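Model, not experiment: these values are computed from the prediction.
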Amino acid sequence: MNRNSTNPTDGVSRRSVLAGAAAGLTLSTSGCIDSVESVVGQDVTDRLALSITTVPADNDREAVRIARHLEANLKAVGANVSIDMRSPSEFHETILINHDFDLYVGQHPGGIDPDFLYGALHSKYADERGWQNLFGFDESPSMSPPEVPSEGASEIPTVDELLEEQRRAGDGDTRKDVIADLLEKLVEMKPFDSICIPEEYRVARTDTFGAWNGDEGDGDDDGGAGHFPTRYGFLDLDPEPGVDQLRALITDTWPTRNLNPLSATIRDRGMILDLVYDSLLTERDGELESWLAKDVEWDDGSLHIELREECPFHDNEESEEDRYVTAEDVRFTYQFLQDTSLGNADVPSPAPRYRGRVSVIDDPDEDIVIKDFLREHSRKLRIDVTTNVESVAKRALTVPILPAHRWRSQVKSRSETDTASQGEWGLVTMSNIPPIGSGLFRFVSNSERESLTLERNDEHFTRDEDGLPDVGDLESVTFGIDPGGTAVDRVVNNSADVTASMLNAHALKNRLDDDEGGDITWLGPQQSETFYHVGFNTRTGAFSTPRARRLVSRLLDKAWIVDDVFGNHADPISVPLSDEWVPDELVWGDEDDEDPATPFFGSDGELDVDAAREAFANEFRYDDQGRLRL
């Protein structure tokens with residue numbers, strides 16, 4: 001992409017703004033005369049005032065620049081706009097827990113299967129907290145005025161209906177067709193606007209660890225180490241003689257302060273939690289493989305699971321019943337995720353994290369059947385699910401398996417209150433340090449905002465099972481903090497071995513082609529599951545209609561953002577799924593290089609203010625000073 005970059009701080013020329021103001025005045029005195037008259041004498045409080053919530057540049061420089069781009073273009077069309085900058089923890093608390101935002105710019109964790117959209121969009125989660133439907137999106141007539149002719153409207157599936165149908169469609173072409181309809185509906189309704197998928201890059205030293213990404217140096221993948229941020233990124237790392245500790249850098253301080261697997265406000269994608277807690281299946285290169293489950297068989301709506309033998313939890317319980325992971329721990333985990341109060345509160349309090357994944361298990365009490373006569377030691381179970389799509393069912397097996405004896409006692413000690421507000425009560429917000437899982441590494445120590453150290457779990461099944469990679473001679477991992485600005489230099493200067501978090505585009509600038517002295521290697525590019533997006537709070541008056549949301553989407557020049565903000569280390573998108581799921585009409589066009597659903601009002605990052613204002617005038621009102629009003 002070769003484009004002429006405009007002012008990176010706004011992308012709107014002064015001449016355009018002045019012309020736009022005049023255009024707005026013209027509009028307000030001609031086609032919108034009734035609206036002009038109606039605002040005469042009114043208080044200015046009905047001016048469209050918005051805040052764009054995002055995180056500081058130290059945490060995500062790209063998100064800030066997207067927010068600035070949007071801010072400038074919203075101002076150009078007459079809105080009163082400000083940037084609401086929050087720390088990562090405050091940002092997530094604001095959008096995930098409090099829902100106190102107009103629109104925000106950030107990264108969505110996405111997923112390897114389209115079913116992640118179920119949790120992200122289904123209206124039954126509109127009043128819940130956490131990553132599920134944080135937009136408050138609800139297509140019901142009482143929440144969102146219809147924008148299509150009433151005739152035949154009942155025949156058009158809703159987003160809810162399509163989300164449910166893709167779980168019943170079975171694998172293959174039928175499901176793909178339903179997903180295509182869902183994506184078309186998504187760009188029509190626009191509860192959020194997908195911007196781009198970043199390329200993931202990391203940097204690592206080659207003189208402390210001889211193999212990264214499974215490459216032993218001969219270019220062949222030996223089946224060992226995989227990609228960060230999955231568990232496989234920490235396997236078969238092949239430390240050089242005398243090296244037994246991995247020094248990794250992460251961008252966020254949260255893992256040094258809080259390792260609660262239930263918390264939705266932890267910014268980390270779960271990489272460190274996945275090292276401490278095992279799940280039944282794990283991801284490797286976009287596929288799910290056996291992990292704590294030795295075997296999983298799919299049989300027409302049921303998952304038949306056999307756990308590995310003698311996988312101990314990290315607390316070394318003397319009791320034989322509590323020491324090893326059993327089918328009872330698995331059942332407890334799914335009961336607990338469905339209601340973290342375990343029935344002790346007046347209303348259930350689902351975990352604000354993993355909600356969408358486990359929603360295929362309707363009732364863990366009834367749908368999880370433990371086999372064997374020795375019930376408390378059983379390693380076999382059957383989970384009945386409400387889907388006939390195997391990949392959707394298996395997503396439910398990627399949540400951390402929790403020790404029932406630890407968490408049940410926590411619930412009991414805190415259940416004096418009859419309220420357990422989702423995402424806010426102590427069991428979900430506590431630090432959970434030290435964490436007790438059964439994973440590859442166990443907790444050793446932490447220094448808040450500085451470091452976290454984990455040590456190898458010598459009793460982990462990967463140490464004994466043939467055919468599985470393990471951590472080998474690696475005895476511990478210490479995670480240090482670097483927001484990203486100096487992370488590459490710290491690896492080059494041998495004060496760290498690898499950047500475990502994805503590097504931002506700014507850190508890559510002018511460095512990817514430099515061998516930095518020959519002792520480092522770049523890991524990537526890797527296609528990310530995350531994507532940048534703008535989220536709309538559909539609960540607010542300004543964004544209660546899809547028309548308004550689509551208009552704001554057209555203020556984003558995604559091609560320019562990828563070029564100027566990401567240095568082309570990202571792919572612009574119109575929908576948040578990989579190409580295999582995207583219908584032809586929504587595939588990003590290489591020829592015209594613009595969003596096929598909501599094309600930008602302008603080109604090369606510069607807004608066509610006249611065109612934008614004319615379109616906004618059809619949805620909002622302008623006063624006699626060219627200001628946008630509700």
Side-chain angles (χ1 to χ4, degrees), residues 1 3 62 66 107-121 159 162-163 165-167 169-201 213 221 226-227 229-230 269 283-288 356 389-392 394-395 502 505 523-535 550 553-554 556-563 565-600:
M1 286 177 254
R3 306 181 189 87
E62 288 71 35
I66 295 170
Q107 292 187 63
H108 193 285
I112 60 174
D113 187 276
D115 190 61
F116 83 83
L117 292 170
Y118 187 95
L121 294 173
V159 169
L162 291 168
L163 288 168
E165 188 177 348
Q166 60 89 24
R167 285 187 164 187
D171 295 308
D173 292 341
T174 303
R175 186 176 184 230
K176 189 173 181 179
D177 290 343
V178 177
I179 297 292
D181 291 342
L182 174 62
L183 294 177
E184 290 177 5
K185 192 75 176 181
L186 176 61
V187 299
E188 175 191 337
M189 303 305 291
K190 284 285 181 185
F192 65 89
D193 191 25
S194 312
I195 298 175
C196 65
I197 298 176
E199 293 176 346
E200 294 203 17
Y201 279 95
N213 286 352
D221 187 333
H227 295 293
T230 69
R269 290 154 65 181
E283 180 194 342
R284 185 186 184 199
D285 298 336
E287 302 291 333
L288 295 181
V389 181
E390 183 176 356
S391 62
V392 174
K394 287 186 172 179
R395 278 189 76 229
M502 179 180 71
L523 311 179
Q526 179 193 359
Q527 183 82 354
S528 181
E529 291 175 9
T530 69
F531 59 89
Y532 280 85
H533 67 297
V534 171
R550 284 200 300 269
S553 295
R554 297 193 63 186
L556 291 161
D557 188 347
K558 299 175 184 178
W560 175 85
I561 289 171
V562 165
D563 185 3
V565 176
F566 288 87
N568 281 321
H569 294 301
D571 294 317
I573 53 174
S574 61
V575 291
L577 296 182
S578 58
D579 290 347
E580 65 176 299
W581 295 102
V582 182
D584 292 343
E585 54 270 30
L586 294 180
V587 172
W588 190 273
D590 291 333
E591 293 183 2
D592 48 18
D593 204 16
E594 68 175 17
D595 191 315
T598 47
F600 177 57

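Residues Trp588 and Asp593 have side chains in contact (heavy-atom distance under 4.5 Å, counting atoms from C-beta outward). Side-chain contact check for Pro576 versus Leu117: some heavy-atom pair is nearer than 4.5 Å. Contact annotation: the side chain of Pro583 never approaches that of Asp177 to less than 4.5 Å [non-hydrogen atoms, C-beta and beyond].
Here the straight-line distance linking atom CZ of Phe566 with atom CD1 of Ile195 works out to 7.5 Å at 0.5 Å rounding. To the nearest 0.5 Å, the span separating CD on Glu287 from CD1 on Ile112 amounts to 7.0 Å. Distance CG/Asp173 to CD1/Ile179: 12.5 Å, rounded to 0.5 Å. Expressed to the nearest 0.5 Å, how far CD of Glu200 lies from CE of Met502 amounts to 5.0 Å. Interatomic distance, Leu523 CG to Tyr201 OH, rounded to the nearest 0.5 Å: 11.0 Å. Separating the NZ atom in Lys190 from the OG1 atom in Thr598 is a distance of 3.5 Å, to the nearest 0.5 Å.
The nearest pair of heavy atoms linking Pro198 to Ser528 is O-CB, 3.3 Å. The two atoms that bring Glu283 and Thr230 nearest to each other are O-CB, 3.8 Å, heavy atoms only. The heavy-atom pair separating Asp571 from Val562 by the smallest distance is C-CG2, 4.1 Å. Minimum interatomic distance between Gly111 and Phe116 (heavy atoms only, all atoms of both residues): N-CD2, 3.7 Å. For the residue pair Leu121 and Phe192, the shortest heavy atom distance occurs at CD2-CE2, 3.9 Å. Smallest separation of non-hydrogen atoms from Val187 and Ser574: CG1-O, 3.8 Å.
Formation of a donor-acceptor pair under 3.5 Å by the Arg554 side chain with backbone atoms of Phe600 is not found in this model. Within the 3.5 Å criterion, the main-chain N or O of Gly170 finds no donor-acceptor partner in the side chain of Arg175. Looking at Arg167, its side chain never comes within 3.5 Å of a backbone N or O of Val389 through a donor-acceptor pair. Between the side chain of Glu165 and the backbone N or O of Val178 there is no donor-acceptor pair closer than 3.5 Å. One N or O on the side chain of Lys558 and one on the backbone of Ile573 form a donor-acceptor pair closer than 3.5 Å.
More than 12 heavy-atom neighbours from other residues, nucleotides or ligands sit within 6.0 angstrom of CD on Glu585. Taking a 6.0 Å sphere around NZ of Lys176, one finds it holds 12 or fewer heavy atoms contributed by other residues, nucleotides or ligands.
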task = Report the C-alpha distance between Leu556 and Ile66 in whole Å, list the side-chain angles of each, state the deciding distance to 0.1 Å, and finish with yes or no for side chain to side chain contact (heavy atoms under 4.5 Å, CB included).
result = CA-CA 8 Å; Leu556 291 161; Ile66 295 170; 4.2 Å; yes
query = So Arg395 and Asp115, salt bridge (charged side-chain N to carboxylate O under 4.0 Å, His left out) or not? Walk me through it.
reply = CA-CA 9 Å; Arg395 278 189 76 229; Asp115 190 61; 3.1 Å; yes
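Between Phe531 and His108, the ring-plane angle classifies as parallel under the 30° and 60° cut-offs.
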